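Proteins get letters first, then strands, A, B, ... in listed order; numbering begins at 1 in each. Since the structure is predicted, the reported quantities are computational estimates derived from the model, not experimental observations.
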There are 2 protein chains.
Amino acid sequence: MPYETEHIASRLKEARQDKGLSQRELAARSGVPQSHISKIEANAVDLRLSSLAALAHALDLELLLIPRKAAPAVHSIVRGLTAQAAGKGSGPAYNLDDEEDGDG
Amino acid sequence: MPYETEHIASRLKEARQDKGLSQRELAARSGVPQSHISKIEANAVDLRLSSLAALAHALDLELLLIPRKAAPAVHSIVRGLTAQAAGKGSGPAYNLDDEEDGDG
DNA sequence: GCCTATGATATATAAAAACATATCGCGTTG
DNA sequence: CAACGCGATATGTTTTTATATATCATAGGC
């Protein structure tokens, strides 16, 4: 029974687009064929860990296994960094103190 | 060129042992054969994402792709939770203030 | 000693990923 | 209109995973 891998696929696509890369450019960087990247991003293939690692590397991403209960905290951290990167120099500074609060 | 997948293999083994499960017990919970789990934990196979997801689910782990620059902060979070679980009721409370320091 | 459980290894088979290569329809640009 | 780049799709081949099943050496308990 497959557990959710859709989030991996969409995360890869989102990261590629955030970096302004085309699938062909990512193929050149990662060594994974463009046609395969298309399938991967559509979650149309059960890809190998080595392919995922190659794509993650090319997109400056880290593949992690974390305790499920740490996931909310980790998502907050990541969201904070993403917002910081997006609103560079304009948004509020990242607040470590707020971390344990959690946000809706 | 393979990028590091060893950390995934060792993370899976560590989580299984932390839960006091044998490979056969994990096989029963995840649907992945014990002989395959042995290879996976030895990083002797380039496993499929669906297999990884099944194992992660059985071990209460979440598979995440995060920005590389968020990795140190995330590792701190996870270490804090792990220490908290290990030293439940006896060790010091988890200190958020210490997070940014980082430890060697 | 016997029994049980463990993790590692072996064998054979089926299914699918990975790859190379090509091409398509679509949108944009000049 | 032609050219270009995009993502999606197709084809054929090779390699590898995943599986079932069995067995091994080792360790522990009785």
Side-chain angles (χ1 to χ4, degrees), chain A residues 1-65 67-68 82 85-86, chain B residues 1-67 82 85-86:
Chain A
M1 61 303 285
Y3 291 98
E4 69 282 8
T5 56
E6 289 92 351
H7 76 281
I8 295 293
S10 54
R11 188 71 194 89
L12 286 171
K13 179 167 186 168
E14 170 191 320
R16 175 179 67 78
Q17 290 177 329
D18 282 348
K19 287 187 175 304
L21 293 173
S22 66
Q23 289 180 350
R24 281 177 175 79
E25 284 169 317
L26 180 54
R29 289 188 180 201
S30 62
V32 177
Q34 178 268 316
S35 52
H36 205 44
I37 290 173
S38 183
K39 286 186 198 164
I40 290 169
E41 288 187 355
N43 207 37
V45 71
D46 189 356
L47 83 164
R48 302 281 187 79
L49 190 53
S50 64
S51 297
L52 178 56
L55 291 170
H57 185 91
L59 293 168
D60 285 320
L61 295 173
E62 186 106 350
L63 183 64
L64 290 182
L65 279 170
R68 192 174 300 277
T82 302
Chain B
M1 63 303 286
Y3 292 98
E4 67 283 10
T5 57
E6 290 91 350
H7 72 99
I8 294 293
S10 54
R11 190 70 196 89
L12 285 171
K13 179 166 185 168
E14 171 190 319
R16 175 179 64 80
Q17 290 178 328
D18 282 349
K19 286 187 177 305
L21 293 172
S22 67
Q23 289 180 353
R24 280 176 175 78
E25 283 168 318
L26 180 55
R29 289 187 180 204
S30 64
V32 177
Q34 178 268 317
S35 52
H36 205 43
I37 290 172
S38 182
K39 287 186 199 164
I40 289 169
E41 289 187 354
N43 207 37
V45 71
D46 189 357
L47 84 166
R48 304 277 187 83
L49 189 52
S50 63
S51 298
L52 179 55
L55 291 169
H57 184 92
L59 293 167
D60 285 319
L61 295 174
E62 185 105 351
L63 182 63
L64 290 182
L65 280 170
I66 60 164
T82 303

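If you run side-chain contact (heavy atoms from CB on, under 4.5 Å) between B:L49 and each of A:V45, A:I8, A:N43, A:I40, only A:I8 comes through.
Using modelled atom types, one side-chain atom of A:R68 and one backbone atom of B:L61 make a donor-acceptor pair closer than 3.5 Å. Put simply, the side chain of A:H7 gets close to the backbone of B:L63: a donor and an acceptor are under 3.5 Å apart.
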Look for any protein N or O under 3.5 Å of an N or O in nucleotides 25-30 of chain C and output each such pair with its distance, or none.
none

Just the atom pairs and distances: protein N or O near nucleotides 15-18 of chain C's N or O, under 3.5 Å.
from: C:dA17; atom 1: OP1; to: A:D46; atom 2: N; distance (Å): 2.9
from: C:dA18; atom 1: OP1; to: A:R48; atom 2: N; distance (Å): 2.7
from: C:dA18; atom 1: OP1; to: A:S51; atom 2: OG; distance (Å): 2.8
from: C:dA18; atom 1: OP2; to: A:H36; atom 2: NE2; distance (Å): 2.3
from: C:dA18; atom 1: O5'; to: A:H36; atom 2: NE2; distance (Å): 3.3

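Checking C:dG7, C:dA10, D:dG7 against the side-chain heavy atoms of B:R16 singles out C:dG7 as nearest. In the set D:dA8, D:dA10, D:dT23, the nucleotide with an atom closest to the side chain of B:R24 is D:dT23.
Counting distance only, with no hydrogens placed and no angle test, the side-chain atoms of B:S35 and the base atoms of D:dT21 include a donor-acceptor pair under 3.5 Å. Remark: the B:S38 side chain and the C:dT9 base include no donor-acceptor N/O pair separated by less than 3.5 Å.
Across the protein-nucleic acid pair, B:I37 atom CD1 and D:dA18 atom C1' stand 12 Å apart, rounded to whole Å. One can place CG of B:N43 at 14 Å from P of C:dT9, the figure rounded to the nearest angstrom. The nearest whole Å value for the distance from the CD atom in B:Q17 to the P atom in C:dT6 is 13 Å. Whole-Å rounding puts the B:E25 CD to C:dG7 C1' distance at 13 Å. If you take CG of B:L55 and P of D:dA18, they are 9 Å apart, rounded to a whole angstrom. Rounded to an integer number of Å, the gap from CD of B:E41 to C1' of C:dG7 is 9 Å.
Considering CG of B:L52 and CG of A:L65, their distance stands at 5.5 Å, rounded to 0.5 Å. Rounded to the nearest 0.5 Å, atoms OG (B:S51) and NE2 (B:H36) are 5.0 Å apart.
At a threshold of 4.0 angstrom between heavy atoms, the contacts of B:Q34 include nucleobase atoms, whether or not backbone atoms are also involved. Using a 4.0 Å heavy-atom criterion, one finds that A:S22 contacts the sugar-phosphate atoms exclusively.
A salt bridge links A:R16 to A:E41: one of the charged nitrogens lies within less than 4.0 Å of a carboxylate oxygen.
Residues A:H57 and A:R29 are not in side-chain contact: their nearest non-hydrogen atoms beyond the backbone lie 4.5 Å or more apart. In this structure, B:D18 and B:L59 have side chains that are not in contact, with every pair of non-hydrogen atoms separated by 4.5 Å or more. Between A:T5 and A:D46 there is no side-chain heavy-atom pair separated by less than 4.5 Å.
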